[in-house]
Amino acid sequence: MKQYLLNIQQPVGDPPPPEVLEPIMRELNAVNDEMRAAGAWVFAGGLHGPEASSVVRADGGEVIVTDGPYIEGKEFVGGFTVIRAADLDEALAWAGKVTRALGLSIEVRPFHDS
Amino acid sequence: MRAEIDRVFREEYGRAVAVLVRVFGDIDLAEEAVQDAFGEAVRRWPSAGLPPSPAGWIITTARNRGIDRLRREATRADRHAEAALLHARTEEPEEGAVRDDRLRLIFTCCHPSLAVPAQVALTLRLLGGLTTAEIAHAFLVPEPTMAQRLVRAKGKIRKAGIPYRVPHEADLPGRLRAVLTVVYLIFNEGYAASSGDRLVREDLCAEAVRLGRLLAGLMPDEPEVLGLLALMLLTESRRAARTTADGELVLLADQDRTRWDRALITEGQELVRRCLRRNRPGPYQLQAAINAVHSDAPTAAATDWAQVVQLYDQLLAVAPGPVVALNRAIAVAELSGPATALSLVDELDLGAYYLFHAVRADLLCRLGRRREAAEAYDAAIPLAENAAERRLLTERRAALS
């Protein structure tokens, strides 16, 4: 089994209102439960937006903390799920369920073999 | 003998690579081993003669060469070497297994996680046995660019862990679509080169037809596979009539139909009947059927336009799109007159497509609206990417004034 990162690509802008978000999160939780039942689920989490992010960087001997994110983009990591899957196709199938639940693009990337 | 070896190479390269990818689990090693084996064939066959089974000889030799390489290269992981040595002891692969190996390789090359240009390049390289230089030449990119594209694609297969297998039943239709798209892209690039002076690149058409035949042999129960092969054969049957001796384009209506290849038409039409009998019509089958109707007509005027329009209606239902609607309008013009067709064309949002303007120009011309026709030609000419198409449009424009 390999581990894959399912990176939820969230567009910049305000999140949808609670009445829209709530059914989406319910569906996502259902997918997460399905992953747990299948033994595919490792870890998942939603993230605060880039406005909550700080960037830490070593500059010579000094460590500098700045307001994040380090580049401006049209989308950011909104959250992620780490799964176990036999191969890429299996990981893509799970990502398909997540994107259907969320309506957001999911980047699938394998971890280096440990 | 050299020609004989070249023929074996063209026919057996993909088969051998497919088997060895399974044996070694490594595309680069498989390719190197197969190339080593052909190098050996070039040295040995001229004096020893062609072996009874050239394909078997190549696969066995390549497997031994691959194992030698693994033994030499201590950097490769030991488990790879062990796995390969284990496989090496098993006997000759059966034809069924080889068939599956090639299908697996096709689906690997055309995996949706690879960009389409990479899918095309890999398919031509690994299954068609075309050299990097040949693929680069066919797609008019510099050879280093194509080499890099292939290296990156193979790296993606390795790093992303793209599986070497035929997709599960549930995923098959979606994945098969990607495979058929790649083969048809290769054919179309050969049929109407997207740029450059020459209209047709016969070698690419031939390669696409060969891949189509391979797929039809491997998946005889998939009607769209048969449909695509039929479509390519019927299109290919008109090649000789499609250009003049000096390379100028001749439109379907003006072609000398005695120069159409009857053998290809017969084969294509038989395939159309065979796939439509399955009653699962898809876009390739319907386009093939439309071409089959054209092939039946002794003259353009004698074409069964009602049936062509009907087939386009079906095509629009399964694969809606403005380009299909434009082609349907061309058939409507023959059935119901240019005025009806023009009103259909004018509704389409295809201003960036040269054929949209070319079709409008032709319809306006037939309606005697010469000034508007000239304007439509003027819009079409700069949009046409192929020089032969541009010349034809320019000629027609000139004939108006």
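Proteins come first, then strands; the chains are lettered A, B, ... in the order of their sequence lines, and each starts at number 1.
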**Distance (rounded to the nearest 0.5 Å) between A:Glu90 CD and B:His168 NE2** =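 Reported to 0.5 Å precision, the distance equals 7.5 Å.
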**Prompt:** Closest approach of B:Ser113 and A:Leu92, non-hydrogen atoms and distance?
**Reply:**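 Taking B:Ser113 first and A:Leu92 second, the nearest heavy atoms are OG-CD1, 3.8 Å.
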**Prompt:** Taking all atoms of both residues into account, what is the closest heavy-atom pair of A:Leu88 and B:Ala160, and its distance?
**Reply:**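 Residues A:Leu88 and B:Ala160, closest heavy atoms: CB-O, 3.6 Å.
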Is the number of heavy atoms from other residues, nucleotides or ligands within 6.0 Å of [atom1] ([X]) greater than 12?
{"X": "A:Glu75", "atom1": "CD", "value": "yes"}
{"X": "A:Glu62", "atom1": "CD", "value": "no"}
{"X": "A:Arg109", "atom1": "CZ", "value": "no"}

**Message:** Is the shortest side-chain heavy-atom distance between A:Asp87 and B:Arg165 below 4.5 Å?
**Reply:**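 Contact flag for A:Asp87/B:Arg165 side chains = yes.
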